[in-house]
Every structure is written in structure tokens, then in C-alpha cells.
Peer 1: 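Take this structure first; my questions come after.
Just so you know, ligand 1 is whichever comes first in the structure, and atom 1 is the first atom listed for that ligand. Since this is a predicted model, take the numbers as computed values, not measurements.
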Amino acid sequence: MNAFSSEPAVPTASPAALRALIESRRAVRRFTAEQVPQAVIRDCLEMAVLAPNSCNLQPWSFQVVRDPALLHRLHYVCMSQNAAKAPLIIAVLARPDTWKQACKDVVTYWPEPEVPKRILDFYARTAPFQYNQGPLGLLGLFKRQLVRLLALRKPLMRKPNSKAQMRLWAVKSTALASENLMLAFQSHGYATCPMEGFDEVRLRQVLDLPREAIPIMLLAVGRQGEKGIYNPRLRFPLEQHVTWL
Ligand SMILES: Cc1cc2nc3c(=O)[nH]c(=O)nc-3n(C[C@H](O)[C@H](O)[C@H](O)COP(=O)(O)O)c2cc1C
């Protein structure tokens with residue numbers, strides 16, 4: 001399938017099939033000991049990174065933990081919760097620190113023989129202006145004031161212009177990749193549980209995480225075990241969350 005076409009997209013999954021997949025995913029807290037094949041993990045990660053992401057700078061990384069000794073340590077880091085007793089845990093990390101290299105990578109990996117000038121310009125000038133906050137975020141501070149002035153004349157994107165906003169920027173895209181990852185495993189017949197119930201300081205030590213990386217969730221993966229789902233599905237009425245304008 002070639003996803004690069006100026007023709008309107010033809011849906012390849014029926015709404016019913018997509019709904020069935022989404023509805024079948026539950027947070028599963030008990031897994032069997034069956035290992036998840038490497039090919040399945042790879043396929044799912046490939047689908048994860050097809051998630052939409054800001055400026056295609058792909059601000060994420062994944063640590064795939066299969067080593068039993070390391071999994072044992074992660075179980076402890078996750079306060080010994082059941083869901084963390086899985087044969088596979090993927091640490092999903094948001095990376096607000098990789099945008100500079102990513103600007104170069106877009107050009108390196110551009111999938112056509114010639115990189116269009118608008119792409120070269122965007123990743124050489126516009127993106128660095130948007131994402132560089134400077135030492136101690138001082139450039140961000142300056143940009144905030146500049147944008148405030150310029151935006152008096154026309155609508156402008158006002159963020160990110162601080163280190164904190166860069167973290168939020170990276171987390172948004174990475175959260176989308178996480179959902180892709182869960183649905184991808186679900187499509188292969190493997191259950192998942194996203195976990196933020198962990199001790200971040202210990203997690204950083206155990207996985208030797210880069211200082212700037214933000215662990216947004218640990219994803220437990222495996223075949224669903226007996227009594228793996230604790231509660232019936234519950235969602236609030238849609239109208240409570242939706243405003244129709
Ligand atoms: C960011 C995030 C963190 C979560 N952390 C945990 C966790 O640490 N332990 C756990 O058992 N479930 C965790 N969950 C699962 C939620 O409790 C679960 O998704 C929610 O209750 C809805 O159930 P469902 O996913 O089966 O529809 C987490 C989910 C998300 C999205």
C-alpha cells in the first residue's frame with residue numbers, strides 16, 4: 001500500500017472492524033507466561049511510530065524489556081502491581097530533546113530523490129525557531145514576548161516557548177504512539193496494560209534513562225491470563241464530555 005497519494009484516502013478497515021478492535025482492548029492485569037514473539041513486537045512498534053506527530057519530528061523512544069532479571073526489577077519499580085508481572089514491558093518515552101537531530105533526520109530519510117526546498121527551509125529555519133528554547137529556556141522567554149507582539153497583527157502559534165511546554169509537546173505525540181502500540185498488540189491477540197504506577201526515580205536508574213527522557217508509561221504486554229480484567233467497562237455518558245457547536 002502506498003500511503004503517499006493526492007487521491008482521497010480509501011478506507012482499508014471498516015468502521016465495524018476498527019470499533020471491534022478498539023472495544024476489545026482492555027487494561028489487562030494478569031498475563032500468562034507465554035513470550036511475545038520478536039516479529040510481533042517489531043510489527044507493533046512499526047505501527048506505533050505511524051502515529052501522527054508534531055512536525056513529523058517523532059519525539060519518542062521505546063525501551064523493550066524482555067530480560068527476566070530486568071523484568072523482575074521493573075515489577076518492584078511498579079510497586080509490585082500485578083500488571084507489571086508481564087513477559088514483556090515496553091517503556092514508552094517522550095523525547096523533548098531529540099528535535100534538533102530529527103530536523104536533520106527528516107532531510108536524511110526524505111523518501112524522494114530530491115528534498116523539496118520548502119522542506120529544507122522548514123527544518124533548517126522554522127522548526128529550530130519553534131523548538132529551540134536556548135540555555136535555561138531564555139530564548140523561549142524572549143520568543144514569548146516577541147510572539148505576544150507579533151500576534152497583535154495576526155494569529156500565531158504561541159507555544160512551545162519554554163522547557164515545560166517542550167515536554168508537553170513531546171508527550172502529546174508520544175501518547176498517540178502509545179495508543180497505536182496498544183491497538184497493534186491487540187490486533188495480534190496480545191493484551192496490554194498502560195502503567196503510570198511506578199517510581200520514576202528508580203525507573204530511571206534501572207533502565208538508565210537519558211536525563212531528558214520522560215517516561216510517559218510502561219506498557220505491560222502478554223497473553224491475557226485468567227481473571228485478567230478486573231472490572232466491567234465503564235465510560236461516562238458522551239454528552240458529559242462533548243460540546244456540539
Ligand atoms: C496513563 C495511564 C496510566 C495507567 N496506569 C495504570 C497502572 O499503573 N496500573 C493499572 O493497573 N492500570 C493503569 N492504567 C489503566 C487504567 O486504569 C484503565 O485504562 C482504565 O481504568 C480504563 O479501563 P480500560 O482500559 O479497560 O477501558 C493506566 C492507564 C493510563 C492511560
Peer 1: Which ligand 1 atoms are under 4.0 Å away from a heavy-atom of Arg25?
Peer 2: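 Near Arg25, the atoms of ligand 1 are 24 (P), 25 (O), 27 (O).
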Peer 1: Do Arg29 and Ile229 come close enough that some side-chain heavy atom pair is under 4.5 Å?
Peer 2: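 No - every pair of side-chain heavy atoms lies 4.5 Å or more apart.
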Peer 1: Is it true that a side-chain atom of Asn56 and a backbone atom of Asn53 form a donor plus acceptor pair closer than 3.5 Å?
Peer 2: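 Not a single qualifying donor-acceptor pair exists.
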Peer 1: Around atom 4 (C) of ligand 1, find the nearest protein heavy atom and jot down its residue, atom name and distance.
Peer 2: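 I find the closest protein heavy atom is Pro194 O, 3.2 Å.
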Peer 1: Distance under 4.0 Å to a non-hydrogen atom of Met195: what atoms of ligand 1 satisfy this?
Peer 2: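 The atoms of ligand 1 under 4.0 Å from a heavy atom of Met195 are 4 (C), 5 (N), 6 (C), 7 (C), 8 (O).
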Peer 1: Any idea which atoms of ligand 1 are less than 4.0 Å away from a heavy-atom of Gly197?
Peer 2: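 In order of numbering, the contacting atoms are 8 (O).
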Peer 1: Just go through Glu196, Arg235, Glu179 and tell me whose heavy atom is the nearest to atom 3 (C) of ligand 1.
Peer 2: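 Answer by nearest heavy atom: Glu196.
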Peer 1: Taking all heavy atoms of Leu156 and all of Ala151, pick out the closest pair and write down the distance.
Peer 2: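 For Leu156 and Ala151, the tightest heavy-atom pair comes out as CD1-N, 3.8 Å.
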Peer 1: Considering only protein heavy atoms, which is closest to atom 27 (O) of ligand 1, and at what distance to one decimal place?
Peer 2: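 Here the nearest protein heavy atom works out to Arg233 NH1, 2.6 Å.
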Peer 1: Just need the protein heavy atom nearest to atom 18 (C) of ligand 1, so name the residue and atom and give the distance.
Peer 2: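 For atom 18 (C) of ligand 1, the nearest protein heavy atom is Ala27 CB, 3.8 Å.
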Peer 1: If the cut-off is 4.0 Å to any non-hydrogen atom of Gln81, which atoms of ligand 1 fall inside it?
Peer 2: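 Answer for ligand 1: 7 (C), 8 (O), 9 (N), 10 (C), 11 (O).
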Peer 1: Scan the protein's non-hydrogen atoms and note whether one is under 4.0 Å from atom 7 (C) of ligand 1.
Peer 2: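 Within 4.0 Å of atom 7 (C) of ligand 1, protein heavy atoms are found.
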Peer 1: Which heavy atom in Phe62 sits nearest to a heavy atom in Ala177, and how many Å separate them?
Peer 2: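 Nearest pair, atom of Phe62 first, then Ala177: CZ-CB, 4.3 Å.
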Peer 1: With distance as the sole test, does Arg223 use its side chain to make a donor-acceptor pair with the main-chain N or O of Glu34 at under 3.5 Å?
Peer 2: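 No, because the side chain of Arg223 does not come within donor-acceptor range (under 3.5 Å) of the backbone of Glu34.
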Peer 1: For ligand 1, which atoms sit closer than 4.0 Å to a heavy atom of Cys193?
Peer 2: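 So the atoms of ligand 1 that pass are 10 (C), 11 (O), 12 (N).
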Peer 1: Kindly confirm or rule out an N or O of Met217 lying under 3.5 angstrom from an N or O of ligand 1.
Peer 2: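 In this structure, Met217 places no N or O atom under 3.5 Å from an N or O of ligand 1.
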Peer 1: Whether the side chain of Asp67 engages the backbone of Val65 through a donor-acceptor N/O pair (distance < 3.5 Å, no angle test) should be reported.
Peer 2: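 No: the side chain of Asp67 does not pair with the backbone of Val65.
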Peer 1: Compare Arg26, Met79, Arg29 and give the one whose heavy atom is closest to atom 17 (O) of ligand 1.
Peer 2: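 Ranked by closest heavy atom to atom 17 (O) of ligand 1, first place is Arg29.
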Peer 1: Please answer whether the main-chain N or O of Tyr190 pairs with a side-chain N or O of Gln224 as donor and acceptor at a distance below 3.5 Å.
Peer 2: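 Judged by distance alone, no pair lies under 3.5 Å.
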Peer 1: Checking Lys143 against Phe129: charged group under 6.0 Å from the ring centre and within 45 degrees of the axis?
Peer 2: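 Cation-pi check for Lys143 and Phe129: passes.
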